[in-house]
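Written out below as structure tokens is the structure these notes cover.
Just so we're on the same page: letters track the sequence lines, and every chain starts at 1. Just so it is clear, the model here is predicted, and its values are computed rather than measured.
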There are 2 protein chains.
Amino acid sequence: MVEGPRFQPVQPVRAYQRIVEQVEEALARGDLTPGQRLPSERELVTQFAVSRSTVREALRVLESNGVVRSRPGDPNGPEILPFSSVALRKQVVRLARVDQLTLAELISFRMIMDGAAIQVASRLRTPEQLAELEGTLVAMQNAIDVDFAAFSEADLTFHDVIARIARNSLIETCNEVVRGVVLSLISDKIAHAPNSRALMLESLQHHAEVVEAIRAGDGHAAARIARQNMYDYYAGYVPEGERDALRALTD
Amino acid sequence: MVEGPRFQPVQPVRAYQRIVEQVEEALARGDLTPGQRLPSERELVTQFAVSRSTVREALRVLESNGVVRSRPGDPNGPEILPFSSVALRKQVVRLARVDQLTLAELISFRMIMDGAAIQVASRLRTPEQLAELEGTLVAMQNAIDVDFAAFSEADLTFHDVIARIARNSLIETCNEVVRGVVLSLISDKIAHAPNSRALMLESLQHHAEVVEAIRAGDGHAAARIARQNMYDYYAGYVPEGERDALRALTD
DNA sequence: CCTAGTCCACTGGTCAGACCAGTCACAGCT
DNA sequence: AGCTGTGACTGGTCTGACCAGTGGACTAGG
């Protein structure tokens, strides 16, 4: 046995994979943009010089990744979709299931991200953005009289505005994803909360405190308040033994 | 036009999708565990009572989601894979490309997560875990004399240990994912850093400071040091105008 | 008895061709 | 001009076929 170069294991590349790669590359290069259409399957067959089965396998993969959408009968062909976080959320949900992700971990994650976004936002915010933030408070106020879903919607907007002020769309997407996963985990418990109006009022009060701290420019205080609020809001759903990690974030 | 019940728009469910759902449900229920094998495609054809094309489309989707792997010729059939973050990373990479995710946002994300994990870890750590953390420092020390890849590996271990002490595998996975994306963005620039030995020594020193703060139980100090370190390490790659958001985290 | 080599049933990858139900654009009618 | 019916095309699914690989069973040699 002579000492030779270290070889890499080689696995066969399937035809449908090279089609997926070509489409994704075109997307990355900008040759393909959301809203545009792919040629029909039968047309792709001639362009890629493979059979329709192969083209279809590639399309199914792209579709499951949220890149395209095929509709039967549509003469325009498969549509290139704008990015959406559903595919990302799907992966996180899978992670949550397989990795036995606990609610505590998810809440902890939200406390971290939300606190940090608020901290950054209280430094970067312009007066106009502060006014916008106060506007969302008013919207939340009004939504209380409608129903819990409306309030929840307004709350989501609040956090989106925060993430935008912090100039971090990654945080925005993360919040969206994790929020979706958390809601799917506790939705049954929270749906018919007995005193939801009181909850909403309390939540509104907390948000107002956060905005006040942001106005004062005290990022650490704003973040601390926000984390404390989220702790108070969710701790009831978290088993006793797992709350330590959450409390470590509320100092 | 009478006032009727509100109907939901209906989109056709394709056969391959219901196969995917069945497999994922079996996985969630625990009827299917990593390492197990699926029946062969031709066997699945009879079980699901569909054609092989349909079975194959389902398998391609599952494969692209990192759930199974098919190998030609394997008489045991497709293999159920353990969870891996590659599919998750794929989605984040797509997000980075399509959403024009900036390096600043990614670094910011890592500063936030890393700081928070360290803050939690400094409260929850046991004496044994502190010793383990110091052990990784020694490993980093030794790796300096090997090469940069070894040092990078040891550094990764350090952060994994932190995440484990903080009892948050979600943070662990996020770090892994974002780290991979960041490296792919700046790998060309960092590969032949002229004075990499000096960089490694400096990085080791910083890690030691963090461990010291963890030993003292000062979570805020540990987090601040860690974030400052990461800022120093990466700020050079971030455009001038985007550093504000990073500095807001180093107060 | 155990080992080493051969062989073949079966695997997944790909292809070709067919049928169906659905959609949309357009021609022709009112 | 507005409406409507039609038909060319779409994607969804099925059938059946071929090929190159894999790995277990079987066999020949120790």
note = A correct 5'-to-3' footprint of nucleotides 18-25 of chain D, with B, S and - meaning base, sugar-phosphate only and no protein heavy atom under 4.0 Å, is B--BBS--
ask   = Quick one: B:Arg69 CZ to C:dG13 P, roughly how many Å, whole number?
value = 12 Å
ask   = Taking CG from B:Leu59 and C1' from C:dG13, how many angstroms apart are they, rounded to a whole number?
value = 12 Å
task = Just call it for A:Ser53: base, sugar-phosphate, or nothing, with non-hydrogen atoms closer than 4.0 Å on any strand.
result = base
B:Arg94 bridged to A:Glu24 by N-O distance under 4.0 Å = yes
ask   = Whole Å only: how far is the CD atom of B:Gln17 from the P atom of D:dG11?
value = 16 Å
task = Using atom CZ of A:Arg56 as one end and atom C1' of C:dG13 as the other, report the distance to the nearest whole Å.
result = 17 Å
query = Under 3.5 Å, side chain of A:Arg60 to main-chain N/O of B:Val61, donor-acceptor pair present?
reply = no
key: A:Arg18 CZ to C:dG13 P, straight-line distance once rounded to whole Å   = 13 Å
message = Using a 4.0 Å heavy-atom cut-off, does B:Arg60 contact any base of the nucleic acid, only the sugar-phosphate backbone, or nothing at all?
response = sugar-phosphate
query = Can you check whether B:Pro239's main-chain N or O pairs, donor with acceptor, with B:Glu242's side chain at less than 3.5 Å?
reply = no
task = Check the side chains of A:Ser40 and A:Glu43 for a donor-acceptor pair under 3.5 angstrom, ignoring hydrogens and angles.
result = no
Whole-Å gap separating P (D:dT13) and CD (B:Glu57) = 7 Å
Touch class at under 4.0 angstrom, heavy-atom based, for A:Arg37 against every strand present = nothing
remark   = Per atom distances to the B:Tyr16 side chain, the nearest of C:dC15, D:dT13, D:dC14 is D:dT13
query = Can any side-chain N or O of B:Glu57 pair as donor or acceptor with the backbone N or O of A:Arg56 at less than 3.5 Å?
reply = no
key: C:dT11 OP1/OP2 closer than 4.0 Å to side-chain N/O of B:Ser40   = yes
query = Looking for any heavy atom pair under 4.0 Å, which part of the strands does A:Pro12 touch: base, sugar-phosphate only, or nothing?
reply = nothing
ask   = Do A:Glu79 and A:Arg71 sit within salt-bridge range, that is, some charged N less than 4.0 Å from a carboxylate O?
value = no
ask   = Below 4.0 angstrom, N of the basic side chain to O of the carboxylate: do A:Glu176 and A:Arg179 qualify?
value = no
query = Rounded to whole angstroms, how far apart are CG on A:Leu44 and P on D:dC9?
reply = 17 Å
message = In this structure, how many angstroms lie between the P atom of C:dC15 and the CZ atom of A:Phe48, rounded?
response = 13 Å
request  = Check whether any side-chain nitrogen or oxygen of A:Ser70 sits under 4.0 Å from OP1 or OP2 of D:dT10, and answer yes or no.
outcome  = no
